[in-house]
Amino acid sequence: MNTRCTRPISEHSIPAGNGAILVVLAWTFVALLPLTAVATPSTWTTVGYLDQARQNHTATLLPDGRVLVAGGDDGADGRFATAVLWNPLTGGFAATDSMAYGRSGHTASLLADGRVLVAGGSGLLAGLPGTPAYLSSAEIWDPATGDWHLLTDVMGSVRSGHTATVLHDGRVLVAGGRSGSLTYTASADLFDPATDAFAPTGALPSGRNDHSATLLPDGRVLVVGGFAGSTGTPSQPTYLSTTALYDPDIGSFTATTAVSGSRGRHTATLLRNGRVLVAGGRAYSLINGFYSRDTASTFDPTTSTWAAAGTLGQARAGHGASMLPDGRTVACGGADDTVWSSCDVYSAATNSWTAASGLTAARTRHTMTVLPDGYLVAVGGLGGAGSVITSAERFEPPAGAWTQADSLTDVRIDARMTLVEDGTVLVSGGWRDSTGDVLASCERYNPATDLWSPTGSLTEARMGHTATRLADGRILVVGGFRPAPTYQMITAEVYDPDTGTWTPTGSMTDRRMDHTATLLSDGRVLVTGGYYYDGASLVALATAEIYEPETGVWSTAGTMAYQHEKHTATLLPDGRVLVVGGNGAPAPVGCELFDPPTGSWSSAGSLVFPRAAHTATLLPDGRVLVVGGAQDTDYRSRTELYLPSSGTWSLGDDLGVGFRSHTATLLRDGRVLVVGGNDGIWHIDQVLRFDPAEDVWSAQPSLAVWRSGHAATLLRDGRVLVALGFTGSSVTARSPEVYADGLGFTETWRPDLFVIANELKTGEPATFFGSGLLGGTEASSGTTQSSSSGFPLVQLRRLDNEQITWLQPGPDQPYRQAEFRAAPLPVFPEGPVLVTIFANGVPSVSRSAVVASGVLFADGFESGDTGAWSGVTP
């Protein structure tokens with residue numbers, strides 16, 4: 001084991017006046033260990049297992065970000081009526097209600113009111129195992145209840161291997177399909193969600209199944225190829241190259257230019273340039289028999305012409321295809337003479353294909369879905385040797401990247417950074433280590449211009465304070481430190497972002513620094529612990545106080561069982577506050593829970609390792625992740641996890657190197673970005689990312705400079721601003737860095753949220769106006785197993801603990817490019833939130849809002865039995 005003597009790292013560095021610095025030093029020997037728990041991320045990662053192996057199923061992205069997997073078969077005589085829900089934030093499958101009929105080769109369409117329509121498919125004849133029964137029936141899954149309802153109305157024809165396309169007006173075009181052992185229908189039906197009924201519409205030029213249907217930007221639907229059965233003597237399988245355009249205004253199909261090469265089980269994906277990419281597919285010739293194609297073509301709707309689109313790296317049919325947020329299209333799996341795990345990626349800019357990292361399991365007849373965070377998930381399918389697959393795996397984009405931001409106007413250590421309602425970032429106070437001056441000055445960062453500008457100064461210079469954004473948008477600064485004779489401070493003040501000015505407010509009972517301040521669900525602010533310097537030693541506090549924003553008055557919040565300083569306080573989904581660790585006498589391993597309605601404290605179990613200057617992050621699945629920290633010279637490398645439902649702690653991964661004074665930021669995809677810190681030797685530049693769906697850590701690109709004791713803020717555009725703290729240089733200390741994920745989309749592809757039309761209030765609907773809310777493309781394969789992401793998903797995210805909920809669309813309202821009408825808002829705690837709209841895996845810039853009158857979650861759902869997902873299971 002290699003060790004080296006550290007430089008002294010200060011537990012507390014405090015300006016003592018007259019330019020002097022009071023420093024408590026610790027020398028230690030620290031082992032240099034590898035990050036044993038940190039894995040290099042692979043492109044595809046297994047993220048769960050189905051209840052039963054299935055192929056020819058459907059996967060539907062829901063408005064709350066989950067994926068509904070329904071039906072399918074076992075590769076033999078089994079047809080499944082079961083359905084499961086996959087949660088991308090937790091990585092688990094959960095059962096939901098079963099359909100009335102087992103179905104394979106059916107379609108599933110998300111309706112504009114959030115329900116899911118499943119139509120047709122092949123079942124089995126009663127009493128005749130192995131004999132298919134082609135279905136004309138349809139069922140609807142209701143997200144409010146988690147139940148399936150068999151419709152009384154049926155399609156005009158039985159069909160399997162057909163397509164279903166949601167039109168711009170909300171109706172669903174169901175076309176073609178196999179209607180018997182040797183027959184293929186050309187008929188088409190229109191489903192109207194307003195009446196839950198089917199009506200016939202114009203027929204295809206010829207019968208077919210295993211074709212594709214793609215919604216074009218002008219509202220027409222392009223149908224390509226397919227299988228038409230066997231003809232001739234001797235009988236020969238017939239794959240089609242014919243195409244047709246459906247015009248919903250006149251209700252009929254018109255033949256258009258044929259694609260190059262007959263094919264079925266191909267994919268067809270609308271690209272960002274408005275063309276349709278048709279790739280691969282199954283074909284037949286007298287010489288070759290059945291074979292798969294490696295060719296691709298693009299269709300231009302404005303000229304009705306086809307153009308060659310390069311060659312796939314592997315001939316494939318029955319593959320999956322989805323569009324990545326950066327506009328490229330990835331085709332994975334499928335089969336030729338064998339089942340493939342390989343993937344190819346098409347770029348419209350170069351009109352060519354390149355190889356991508358392959359699936360972990362070879363599969364065909366699977367589903368591929370673009371998730372709200374821009375990642376892909378592949379589910380089930382048929383593997384090699386005829387084995388049907390249970391696994392699901394996720395495709396991860398490249399690692400994120402750091403860029404340097406504009407420099408602050410001043411060097412600041414132990415300052416505070418707060419996201420303002422308008423999307424700017426406020427930095428308040430701190431101290432300048434070169435002079436020992438504690439600062440009253442403040443500045444604001446504008447992410448849109450990448451510029452810092454001065455704003456009003458604090459009424460009192462301070463460092464080591466807290467800064468909390470209140471429900472009304474103002475920012476409350478509490479306590480902190482300034483040189484003798486004041487030392488730790490008792491005062492508080494409020495910043496008005498509209499005027500850029502500070503106003504004193506009521507003072508606390510206790511002087512305190514390095515305390516916590518937590519915005520409660522009722523809008524009050526809980527302050528806990530901290531310490532004060534009595535002129536001879538540091539004294540940690542066990543007291544707590546509550547601030548009432550409406551009156552500016554403080555009241556006592558009782559006394560904790562332990563002293564806590566440099567601890568954490570995390571708002572849980574049920575409204576309680578979890579206080580963890582910190583320094584004290586003795587160092588507390590016991591954790592505590594504050595209950596706002598009763599004002600009482602209770603035990604929350606004990607950490608395995610005492611720690612201070614750690615982080616505690618509420619995960620999407622309701623757990624709390626504790627990372628890093630130190631106790632004296634012991635720097636913690638082992639993580640710990642708290643489960644609120646049982647009140648228990650468990651050990652997590654060992655990161656190999658202990659560190660403290662880092663930051664942990666919950667990203668919009670549910671992962672946690674851990675940045676910098678010090679390891680007992682020096683400030684570090686490491687960046688790690690934790691995936692709670694898999695409980696896996698991965699290394700991310702390092703910071704440009706070492707940094708500890710800094711701050712990190714999630715910006716409204718999804719990037720993370722890292723600034724302030726110790727870097728070893730006054731120059732680099734002024735230079736923030738910004739982290740962006742690896743999605744790589746063009747800014748013009750973002751949905752744009754303009755206006756939230758009315759107050760966000762529990763139990764009442766809301767309307768949102770913007771542009772590009774439909775994303776512009778289904779971003780999927782266009783086949784029977786197509787899984788569209790071309791609709792808006794609207795997320796509310798609390799500022800204080802990142803708790804989220806998703807809004808369901810309102811009833812009887814088709815999705816629109818410029819408007820989203822939400823159903824009555826689910827139960828959600830009141831307070832400031834960020835509103836984000838996702839489409840095709842591309843997020844809008846978030847807008848600030850306030851939930852005006854919410855109530856606390858009783859559990860992880862909107863109500864006790866609806867099955868609607870809130871994003872947190874406490």
Side-chain angles (χ1 to χ4, degrees), residues 47-48 50 57-71 82-99 106-118 139-149 164 166 170 172 193 322 367-379 392 394 620-621 669-670 693 773-775 778-780 785-796 804-811 813-815 820-823 825-826 836-841 843 860-863 866-873:
V47 289
L50 293 158
H57 53 284
T58 55
T60 309
L61 180 65
L62 302 175
D64 64 7
R66 293 179 300 172
V67 178
L68 174 68
V69 177
T82 56
V84 292
L85 290 161
W86 184 71
N87 186 333
L89 295 181
T90 63
F93 283 96
T96 187
D97 188 35
S98 292
M99 297 182 290
H106 53 288
T107 56
S109 306
L110 179 72
L111 304 178
D113 58 10
R115 298 179 301 160
V116 177
L117 170 73
V118 162
E139 308 184 43
I140 284 184
W141 184 77
D142 188 343
T145 62
D147 296 331
W148 290 94
H149 304 283
V166 180
V172 182
S322 293
T367 57
M368 280 176 49
T369 308
V370 181
L371 301 175
D373 55 23
Y375 296 14
L376 309 183
V377 63
V379 178
R394 184 172 55 191
D621 59 13
D669 61 14
L773 305 188
L774 294 181
E778 291 182 307
S780 191
Q785 292 182 281
S786 195
S787 187
S788 175
S789 63
F791 55 90
L793 297 94
V794 181
Q795 181 195 85
L796 301 186
I804 69 169
T805 193
W806 298 85
L807 303 187
Q808 291 287 334
Q813 297 290 336
Y815 287 119
F820 179 87
R821 297 185 182 181
L825 267 63
T836 310
I837 293 184
F838 300 80
N840 294 152
F861 301 96
E862 293 178 19
S863 65
T866 65
W869 177 51
S870 71
V872 180
T873 305

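Rounded to the nearest 0.5 Å, atoms CH2 (Trp806) and OG1 (Thr836) are 8.0 Å apart. With rounding to the nearest 0.5 angstrom, the OG1 atom of Thr96 is 7.0 Å from the CG atom of Asp147. Rounding to the nearest 0.5 Å places CG of Leu793 at 8.5 Å from CG of Leu110. Rounding to the nearest 0.5 Å places CE of Met368 at 5.0 Å from CG of Leu376. Taking CG of Asp142 as the start and CH2 of Trp148 as the end, the distance is 10.5 Å to the nearest 0.5 Å. Here the straight-line distance linking atom CE of Met99 with atom NE2 of His106 works out to 5.0 Å at 0.5 Å rounding.
Side-chain contact between Ser789 and Glu778 is absent, with no heavy atoms from C-beta onward closer than 4.5 Å. Between Val69 and Leu50 there is a side-chain heavy-atom pair separated by less than 4.5 Å. Between Leu807 and Leu825, some side-chain heavy-atom pair lies under the 4.5 Å cut-off. Pro792 is listed as a side-chain neighbour of Leu774, based on a closest heavy-atom distance under 4.5 Å. Leu117 is listed as a side-chain neighbour of Val172, based on a closest heavy-atom distance under 4.5 Å. With a 4.5 Å cut-off on side-chain heavy atoms, Thr60 and Ser109 do not count as touching.
Listed for the Asn87 side chain is no donor-acceptor partner under 3.5 Å among the backbone atoms of Arg66. Remark: the backbone N or O of Ala59 is not paired with any side-chain donor or acceptor of Gln785 at under 3.5 angstrom. In this structure, the side chain of Trp141 engages the main chain of Gly146 through a donor-acceptor pair within 3.5 Å. Between the Ser786 side chain and the Ser780 main chain, no donor and acceptor come within less than 3.5 Å of each other.
For the residue pair Asp97 and Ala83, the shortest heavy atom distance occurs at O-CB, 3.8 Å. Taking each heavy atom of Val370 and Ser322 in turn, the nearest pair found is CG2-CB, 3.8 Å. Taking both residues in full, the closest heavy atoms of Pro143 and Arg115 are given as CD-CA, 3.9 Å, listed atom of the first, atom of the second, then distance. Closest approach of Pro809 and Gly114 over heavy atoms only: CG-N, 3.5 Å. Of all non-hydrogen atoms in Pro372 and Phe838, the two that sit nearest each other are O-CD2, 3.1 Å. A pairwise comparison of heavy atoms in Pro88 and Ala693 identifies O-CB, 3.7 Å as the closest pair.
Using bins of under 30°, 30° to 60° and over 60° for the plane-to-plane angle, the ring pair Trp86/Phe93 lands in the tilted bin.
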